[in-house]
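What follows is a set of notes on a single structure, which appears directly below.
Only a predicted model underlies this, so the values are computations on that prediction, with no experimental measurement involved. So you know, we letter chains A, B, ... as the sequences are listed, proteins then strands, and number each from 1.
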2 protein chains.
Amino acid sequence: MSSHNPFTNVTALHRCTKVKCGFCSGLSPEARHELSKLARIRSYRAGQTIVAQAEEVHIIGTVLEGVVRANKTLRDGRHQIVGLLLPSDVFGRLDGATSRVSLEAASDANVCSFKRQPFESLMDRFPEIERRMLLAVSDQLDAAQDWMLLLATQSVLERVATFLLMFCARDAGDRGALDIPVSRRDMAAYLGTTVESVSRAMQAMKRAGILEGSHSRHIEVTDFRRLASLSQHEPEQLGIASRLPNIGQNLHTSR
Amino acid sequence: MSSHNPFTNVTALHRCTKVKCGFCSGLSPEARHELSKLARIRSYRAGQTIVAQAEEVHIIGTVLEGVVRANKTLRDGRHQIVGLLLPSDVFGRLDGATSRVSLEAASDANVCSFKRQPFESLMDRFPEIERRMLLAVSDQLDAAQDWMLLLATQSVLERVATFLLMFCARDAGDRGALDIPVSRRDMAAYLGTTVESVSRAMQAMKRAGILEGSHSRHIEVTDFRRLASLSQHEPEQLGIASRLPNIGQNLHTSR
DNA sequence: CGTTAAGTTGAGGTGGATCAACGCGTGTGG
DNA sequence: CCACACGCGTTGATCCACCTCAACTTAACG
């Protein structure tokens, strides 16, 4: 969106004026003001790398628009998406260590970023900023552990259901309309499976009357209950408690 | 160890005088002194629950001796160990939220614990304590993401190799002697597989001349290189960089 | 020495990876 | 404008790593 230089990652570089971004919301005016002096908005096109694995981390940031994937790669090339960062999610390592994931734009994305060192000294001056980081990282740890459970114990069908449920709760439209913000490839990499298996799972859910939709990126959830009962996760445990109250007690299925 | 009351979790309850525990090492004398006033040592027997899943968290703590497992359970009973906490590791949630894992002693264990609220106000007074928590949680996030990669992409043989490698690096004796601190059951639950598969993998490594040892909990690693090359993980990425300095450049294998 | 839990070994079934083919939308260049 | 290539998603057929169930061995303990 808007013109950009194809030879760099960065298509725009200017002050962040957003108040609602991941860090800034809820901070004191002073802290926000100081942060805004450090903030730079950067735009990445789908596929571009924001921070490479094993590279020293020099920025801390938060996603404004789009989806950023946190990817890990094994020596032999096998890889796994260990986190999908959506708007308001934060990323970055705090000590000067090397990044243990590579951060890549899964779609065109805008991020608000801070240079690490000035950011860290700002954390020293404003403990509220450090507290926000601590809570953000704690939430990511929870999410990662939820995902470990999913990867280790659930079938592909259940994993896909859980994935859809997450996004449903986050930003499904009134009539269950849902835009899946990532490709099948990324879905598969996040769910620890293959594109073929994801495809089969989605078709199975359509046949079962849980989903509708012909376009691969856009679906409609027609039977929320059954989707939730397939997932087997406690809704609150998926960070989706905010929407659709009381879908917790509906779901009793034997394996 | 020592007498205990079978009707409570707690077999000993007294001041923590250790300076080398997870939190205390490296802190300023003032912070250490204030912390020690809050600290209580509790002893748990293997199998006892320290914090239950979905229970409100009222303690923050650090492991002094033994192994604590962080367990997650699905509605239908399937479960997964999402973290093994060894001495110096910390646990606990910072805001007053409910715990999303259950913490259980995997062996007889001693932990040093703090009540959450006084601990949090201590964090406010001593930012260095909050910084330690932030780094601790960040490290746990890294570990969880490593494990996601392992669970999603690696074979059982590779997972077992990685598991052994972690403990090798942490506390293997001179001649590769290694005491596995958890049961096969816990190993399997941590590795996202079954006891049978773990057993077969270990026997296969013995047959291949990588391991020796007749007692199930005690083995000797006779071919470190091959174990490391089986693992496929970067040694630094396993939190095992501290020990056994240069085992990094040895491992080049094709899949 | 009986009992029970932990670990190992064997035999069989299966969920999902793999390999391959095909449809579809999009971009590119002649 | 068509021809072609290319990426993406879907579908089908095959195969294998691992789960499951079951039997057996070993260790631990009263």
How close or far is atom [atom2] of [N] from atom [atom1] of [X], stated in whole angstroms?
| X | N | atom1 | atom2 | result |
| --- | --- | --- | --- | --- |
| A:K206 | D:dT11 | NZ | P | 8 Å |
| A:E158 | C:dG15 | CD | C1' | 12 Å |
| B:L191 | D:dA17 | CG | P | 19 Å |
| B:L211 | C:dT8 | CG | C1' | 15 Å |
| A:H215 | D:dT10 | NE2 | C1' | 14 Å |
| A:R78 | D:dA17 | CZ | P | 13 Å |
| B:R184 | C:dT8 | CZ | C1' | 9 Å |
| B:M187 | C:dG7 | CE | P | 10 Å |

Just to be sure I understand the rule, does [X] reach a base, reach only the sugar-phosphate, or reach nothing, if contact means heavy atoms closer than 4.0 Å?
| X | answer |
| --- | --- |
| B:E196 | base |
| B:R159 | nothing |
| A:R185 | sugar-phosphate |

Picking from [options], which would you name as closest to the side chain of [X]?
| X | options | result |
| --- | --- | --- |
| B:S183 | D:dG9, C:dG7, C:dA17 | C:dG7 |
| A:S216 | D:dT20, D:dG9, D:dC18 | D:dG9 |
| A:T194 | D:dT11, C:dT8, C:dT18 | C:dT18 |

Within the side chain of A:T162, is there an N or O that forms a donor-acceptor pair under 3.5 Å with the backbone of A:E158? yes
Quick check against the 3.5 Å criterion: does A:W147 have a side-chain atom that pairs as donor or acceptor with the backbone of A:Y190? yes
Taking only side-chain N and O atoms of B:S197, does any of them lie within less than 4.0 angstrom of OP1 or OP2 on D:dC19? yes
Cut-off 3.5 Å, side chains only: do [X] and [Y] have a donor facing an acceptor?
| X | Y | answer |
| --- | --- | --- |
| B:R40 | B:S113 | no |
| B:S43 | B:N110 | yes |
| A:D179 | A:H218 | yes |

With a 3.5 Å cut-off and just heavy-atom distances, do the side chain of A:R200 and the base of C:dG15 make a donor-acceptor pair? no
